[in-house]
Amino acid sequence: MSVLVFVESKENAVAKAGCEAISYAKKLGGDVTVITNGSLGEDVLGTLGEFGASKVLVNRELTSNNEQQLTRLITAAADSVGASIVVLAQDQLGKAVGPRVAVKLSAGHASSVIALPDTSSGFAVKTNAFSGKAFAHVAINSDKKVLSLMPNSFAAEKVGGQATVEGFSADLGGAGITVKETKIQSGDVAPLPEAEMVVSGGRGLKGPENWNLVEDLAQTLGATTACSRPVADIGWRPHHEHVGQTGIAIRPNLYIAVGISGAIQHLAGVNGSKTIVVINTDAEAPFFKAADYGVVGDAFEVLPKLTAAIEKFKAFQN
Amino acid sequence: MKLLVCISKAPDTTSKIAFTDGNTKFDENGVQYIVNPYDEWYALVRALEIVEASGGTVTTITVGTEADNPVIRKALAIGANEAIRIDAEPKDPFFVAKQIAEHAKEGGYDIVLTGKETINYNGAQVGAMVAEFLDQPFVSLATKLDVNGNTATLERDVSGGLEVVEVATPFVLSAAKGMAEQRIPNMRGIMAARTKPLNVVAPVELAALTSVINYELPNAKAECKYIDPENMEELVELLHNEAKVI
């Protein structure tokens, strides 16, 4: 069996969610080929062998993430290696590309996949449904299959090895969409929804001027910052930090919610987190019901203490 | 400008999620159905704003049975000119997208708008699939849409920020929060919706490629462990040794 994985190449490395997709593909069994585009060097791409890829196909002509051209590239690669399964990350880019690839290959597509398939009778995968309030087991009944994985659902595991890197050309056609401007938050923390640790603030922080408390804790942990919907709506924080049902759905290892009451719509976007810590002055806040660890206390006192405790822990670790 | 807005029904956001028949069916008992919020608040309302400003028509399309008529009438009450219902169970995203694309091909629409995902299946598949069936560009996760003649300028969410893009009609988009504000239908709209055309169309024959076998509810969380706010060292210790996340 041949499995093709699309990974997004970023400036200096491939997206972490792409490495997770390679690990996932490797566990499906069979031979794993990666398709990517852009200008990453052969040395960097070759290291994808560590996650289980035997070969990396790279298209150097395509330097933007145009969803129509990527679809043509991925389907051409799938045909070329005779792939029966295509795996990719269901991040912002994957949401535009995965379903297109499925249609072009006449393949059944499962999205929001969070576990390896059950192949005891047919082929079924566990997926997120009802905005994180339930799971659906989805059977794919076609010969070809496309699987879009929720980031952070599957660990990128190094199994060792080196992949061969080959150039790959395909008829990419035109790009219907022209990118006029890109506004990306720079910085060295992982973007949502890839982040493994997230510190998130709500209205309990009383104003944007107090966000240094959230940022200090996040920086000490190496976590990404996020916020609740009201905070984004009133403009304390940028919209792209908003996690929840209408914002970004995340599943980090550690989610620390500060001054967020935990409305059902917020929980829907974060309850896939492995460990949830809730800090709130209100002992009756509904979020405590979804928390693993709770601190009933004033964020303005608790956060500096927690940041200091983490600093001490990190110093001891080193 | 001819705009087509894809409308799906979804359980109200505060619905209790439960299943029946050995976890194979969603328990509709006591559930209120609404227009999927992304389809309504963002895609439909922005489409209406555009035709109000520069003329045109807004048609909604739904793949569903008679049970979907109330949410379709709601979309008409908010202001859509007419509605199309493809008379079939929405078997899977591939099936639904094909039905919409078949109609869109005939209709000659300038823009097909979908919500970014439904709140019950969260598949985020139909919009991109419609685009591929139509061989048109797909602007995903759009948070802003302006149209000038046959060129549209959009903002959309990308990893870690946003992108400003330009695209010529015809194209397909999925709408995310930010594109428009929710509209509450007024009495005149509700009355008018009763007489607006709701055209029921037969589906094209097509096998679904996927099916839901059953559902599962998450395991109940263990009791929350409370930590003394004066003792953050204990929390760090638990996160390290018990939860093993730091």
Side-chain angles (χ1 to χ4, degrees), chain A residues 67-68 71 91-93 95-96 99-100 103-104 108-112 124 128-131 133-142 176-185 191 221 239-240 245-246 253-254 264-265 274-275 288 290-297 301-302 305-306 309-310 313, chain B residues 13-14 17 37 93-94 97 119-125 128-129 131-133 136-141 143 153 157-168 171 177-178 209-218 221-222 224-227 229-230 232-233 235-236 238-240 243 245-246:
Chain A
E67 96 295 355
Q68 271 181 301
T71 300
D91 48 14
Q92 288 92 336
L93 180 62
K95 283 181 184 175
R100 291 200 83 125
V103 166
K104 209 167 169 81
H109 178 216
S111 57
S112 303
N128 261 349
F130 292 95
S131 301
K133 289 175 240 172
F135 307 109
H137 295 267
V138 175
I140 305 181
N141 307 315
S142 52
I177 297 171
T178 315
V179 178
K180 309 299 277 186
E181 199 185 344
T182 308
K183 300 173 189 168
I184 303 284
Q185 278 309 88
L221 274 169
H239 167 65
H240 69 256
Q245 185 157 285
T246 49
N253 285 330
L254 173 61
I264 193 165
Q265 291 87 350
K274 287 185 189 72
T275 299
F288 284 115
D292 299 282
Y293 303 105
V295 182
V296 180
E301 287 164 23
V302 173
K305 287 199 180 96
L306 179 54
I310 302 248
F313 166 76
Chain B
T13 53
T14 56
I17 305 302
F94 185 82
I119 61 167
N120 39 354
Y121 295 110
N122 310 103
Q125 297 192 33
M129 285 183 168
E132 186 60 31
F133 278 125
Q136 289 179 8
F138 174 62
V139 182
S140 52
L141 306 171
T143 54
T153 306
D157 287 343
V158 295
S159 173
L162 66 87
E163 226 173 48
V164 183
V165 302
E166 211 171 79
V167 61
F171 68 96
K177 181 172 154 32
L209 301 181
T210 63
S211 55
V212 174
I213 303 169
N214 56 21
Y215 298 95
E216 181 186 333
L217 289 168
K221 273 258 179 194
C224 174
K225 205 176 262 185
Y226 287 93
I227 292 117
E230 296 297 325
M232 286 299 101
E233 284 76 15
L235 177 57
V236 171
L238 287 167
L239 290 176
H240 180 61
V245 290
I246 60 171

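Here is the naming used below: chain letters follow the sequence lines, and residue numbers restart at 1 for every chain. All values reported here derive from a predicted model rather than from experimental measurement.
- In the model, S112(A) has no side-chain atom that pairs as donor or acceptor with a side-chain atom of N122(B) under 3.5 Å.
- The choice from S111(A), A291(A), A134(A), G294(A) that makes the most heavy-atom pairs within less than 4.5 Å of chain B is G294(A).
- For V158(B), the parts sitting under 4.5 Å from any heavy atom of chain A are the backbone and the side chain alike.
- Using a 4.5 Å heavy-atom threshold, the side chains of V179(A) and V164(B) count as separate.
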Evaluate side chain to side chain contact (heavy atoms under 4.5 Å, CB included) for Y215(B) paired with I17(B), printing each intermediate quantity in order. CA-CA 10 Å; Y215(B) 298 95; I17(B) 305 302; over 6 Å; no
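- For chain B, the option among H240(A), H137(A), K180(A) with the highest count of heavy-atom pairs below 4.5 Å is H137(A).
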Please evaluate residues Y226(B) and Y293(A) with respect to the criterion side chain to side chain contact (heavy atoms under 4.5 Å, CB included), reporting the C-alpha separation (whole Å), side-chain torsions for both, the decisive distance (0.1 Å), and the verdict. CA-CA 6 Å; Y226(B) 287 93; Y293(A) 303 105; over 6 Å; no
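- Residue Y121(B) touches chain A through its backbone alone, counting heavy-atom pairs closer than 4.5 Å.
- Proximity to chain A (any heavy atom under 4.5 Å) is shown, for I213(B), by both the backbone and the side chain.
- Heavy-atom distances place the side chain of P191(A), and not its backbone, under 4.5 Å from chain B.
- Heavy-atom pairs under 4.5 Å with chain A were tallied for Q125(B), E233(B), Q136(B), H240(B); the largest tally goes to Q125(B).
- Taken from CD1 in I140(A) to CG in L209(B), the straight-line distance is 9.0 Å, to the nearest 0.5 Å.
- For E67(A), the part sitting under 4.5 Å from any heavy atom of chain B is the side chain, from C-beta outward, and nothing else.
- When each of K274(A), K95(A), E301(A) is checked for heavy-atom pairs under 4.5 Å with chain B, K95(A) comes out on top.
- For the set A139(A), A129(A), G176(A), the count of heavy-atom pairs under 4.5 angstrom toward chain B peaks at A139(A).
- When heavy atoms are compared at a cutoff of 4.5 Å, L93(A) does not approach chain B at all.
- Residue L141(B) touches chain A through its side chain alone, counting heavy-atom pairs closer than 4.5 Å.
- Looking at R100(A), its side chain does come within 3.5 Å of a backbone N or O of A131(B) through a donor-acceptor pair.
- Between the CZ atom in F171(B) and the CZ atom in F138(B) there is a gap of 11.0 Å [rounded to 0.5 Å].
- Remark: K183(A) does not engage E163(B) in a salt bridge, criterion side-chain N to carboxylate O under 4.0 Å.
- For the pair S142(A) (side chain) and G108(A) (backbone), a donor-acceptor distance under 3.5 Å is present.
- Residue contact with chain A, scored on non-hydrogen atoms closer than 4.5 Å, involves the backbone and the side chain of T210(B) alike.
- Under the 3.5 Å distance criterion, with hydrogens and angles disregarded, no donor-acceptor pair is assigned to the side chains of E166(B) and T178(A).
- The shortest non-hydrogen separation linking P229(B) to V302(A) is CB-CG2, 3.9 Å.
- Without hydrogens or angle criteria, T143(B) side chain to G178(B) main chain gives no donor-acceptor distance under 3.5 Å.
- There is no contact between P93(B) and chain A, counting heavy-atom distances below 4.5 Å.
- When each of V212(B), N214(B), T13(B) is checked for heavy-atom pairs under 4.5 Å with chain A, N214(B) comes out on top.
- Top candidate by heavy-atom pairs under 4.5 Å with chain A, chosen from V167(B), N120(B), L239(B), is N120(B).
- Within the 4.5 angstrom heavy-atom criterion, atoms from both the backbone and the side chain of D292(A) approach chain B.
- Heavy-atom distances place the backbone of A290(A), and not its side chain, under 4.5 Å from chain B.
- Interface remark: A243(B) contributes backbone and side-chain atoms alike to the contact with chain A (heavy atom separation under 4.5 Å).
- Ranking P37(B), S140(B), S211(B), A222(B) against chain A, the residue ahead of the rest is S211(B), based on heavy-atom pairs under 4.5 Å.
- Considering only heavy atoms from C-beta on, P218(B) comes within 4.5 Å of F135(A) through its side chain.
- Heavy atoms of T182(A) lying under 4.5 Å from chain B belong to its backbone as well as its side chain.
- Looking at heavy atoms from C-beta onward, T246(A) lies out of side-chain contact with Q265(A) at the 4.5 angstrom threshold.
- Among G161(B), P137(B), G123(B), the residue with the largest count of heavy-atom pairs under 4.5 Å with chain A is P137(B).
- Of the two parts of H239(A), only the side chain, counted from C-beta on, holds a non-hydrogen atom closer than 4.5 Å to a non-hydrogen atom of chain B.
- Heavy-atom distances place the side chain of L235(B), and not its backbone, under 4.5 Å from chain A.
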